[in-house]
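Contents: one structure, followed by commentary.
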Amino acid sequence: MLNSLFQKVLVAYNGSKSSLNAVLYGIMMAKIYGCTLKVVYVVDSASIKQLSISKLLVADEAEETSRSLEEDGCKNLGYVKELAAQKKIEVESEILHGAVWSEIIHSADLWKADLILIGGSVGEKPLYSVHDTVSKQDSEIIGSAHCSVMVVRDPYISHKFRLLK
């Protein structure tokens with residue numbers, strides 16, 4: 001007997017609209033298919049360190065930026081838990097620190113995820129990093145992941161989410 005293809009789904013979330021779409025999609029998958037869901041928010045400390053090394057940020061600014069991003073992560077993950085509760089779904093969440101793509105892959109490996117969901121939208125702010133392009137981050141995750149990766153681009157996902165009982 002074939003079990004569900006995706007029993008453990010990890011979602012990369014950064015607070016953007018496209019990554020929120022991936023979260024909504026993940027919650028819907030958990031509701032419809034009964035899979036376990038984990039949402040991770042990565043504080044891009046690798047980029048902050050690079051900016052600090054290149055003297056574009058002084059030490060105090062780097063610490064404040066990191067602290068601010070962590071606070072944003074806590075708020076964003078709280079919102080995710082509220083959305084999941086609306087559909088009576090439990091979601092595990094975690095804030096990570098480091099290079100975004102490698103932290104997502106490392107977390108997926110440790111958790112033994114079957115699928116990574118990432119948001120993707122043309123013309124929106126880059127996925128996680130200020131200086132990278134969406135396609136570069138996406139390709140790093142897609143090219144390096146040890147499980148399947150799905151880029152969620154459904155423009156009507158929030159409407160479908162509201163309709164799901």
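The analysis underlying the following values was restricted to heavy atoms, covering all of them including side chains, and did not include hydrogens, waters or symmetry mates.
Proximity of I142 to V151: side-chain heavy atoms (C-beta onward) are separated by under 4.5 Å at one or more points. Between D154 and N21, the closest side-chain pair of non-hydrogen atoms is not below 4.5 Å. Residues L115 and M150 have side chains in contact (heavy-atom distance under 4.5 Å, counting atoms from C-beta outward).
To the nearest 0.5 angstrom, E70 atom CD is 10.0 Å from L96 atom CG. A distance of 7.0 Å separates CD1 of I141 from CD1 of I116, quoted to the nearest 0.5 Å. Within the model, atoms CG of L69 and CG of D44 stand 8.0 Å from one another, a figure rounded to the nearest 0.5 Å. Between the CE atom in M29 and the CD1 atom in I89 there is a gap of 12.0 Å [rounded to 0.5 Å]. Atoms CZ and CD1, from R162 and I157 in turn, are 11.0 Å apart once rounded to the nearest 0.5 Å. Note: K31 NZ to K88 NZ = 6.5 Å, rounded to the nearest 0.5 Å.
Closest of all the heavy-atom pairs between G119 and A22 is N-CB, 3.7 Å. Residues S19 and A12 share a closest heavy-atom pair of CB-O, 3.8 Å. Pairing each heavy atom of A145 with each of I105, the nearest pair is N-CD1, 3.7 Å. Shown here for F6 and C35, the closest heavy-atom pair between the two residues is O-CB, 3.1 Å. Across all non-hydrogen atoms, the minimal contact from L10 to A113 is CB-CB, 4.1 Å. Scanning all heavy atoms of the two residues, the minimum distance from G15 to Y41 falls at N-CE1, 4.4 Å.
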When the side chains of residues 78-85 are checked against the rest of the protein, which donor-acceptor pairs come out under 3.5 Å, sequence neighbours left out?
from : atom 1 : to  : atom 2 : distance (Å)
K81  : NZ     : V91 : O      : 3.2

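In this structure, L5 is a member of the same hydrophobic cluster as Y25, with clusters built from ILVMFWY side-chain heavy atoms closer than 4.5 Å. Linking Ile, Leu, Val, Met, Phe, Trp and Tyr residues whenever their side-chain heavy atoms come within less than 4.5 Å places F161 and I32 in a single cluster.
Of the possible polar contacts, none joining the K87 side chain to the I27 backbone as a donor-acceptor pair under 3.5 Å is found.
Sorted by first then second residue, the salt bridge (charged side-chain N to carboxylate O under 4.0 Å, His left out) pairs that include residues 100-114, not counting sequence neighbours, number zero.
Residues that satisfy the salt bridge (charged side-chain N to carboxylate O under 4.0 Å, His left out) test with E94, not counting sequence neighbours, are K38.
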side-chain contact (heavy atoms from CB on, under 4.5 Å), that's the test. Do T36 and W111 meet it? Break it down for me.
CA-CA 11 Å; T36 306; W111 193 57; 3.7 Å; yes

Start with the C-alpha distance between E64 and R67, add both sets of side-chain angles, then the distance that settles salt bridge (charged side-chain N to carboxylate O under 4.0 Å, His left out), and finish with yes or no.
CA-CA 5 Å; E64 179 58 32; R67 191 172 26 260; 3.2 Å; yes

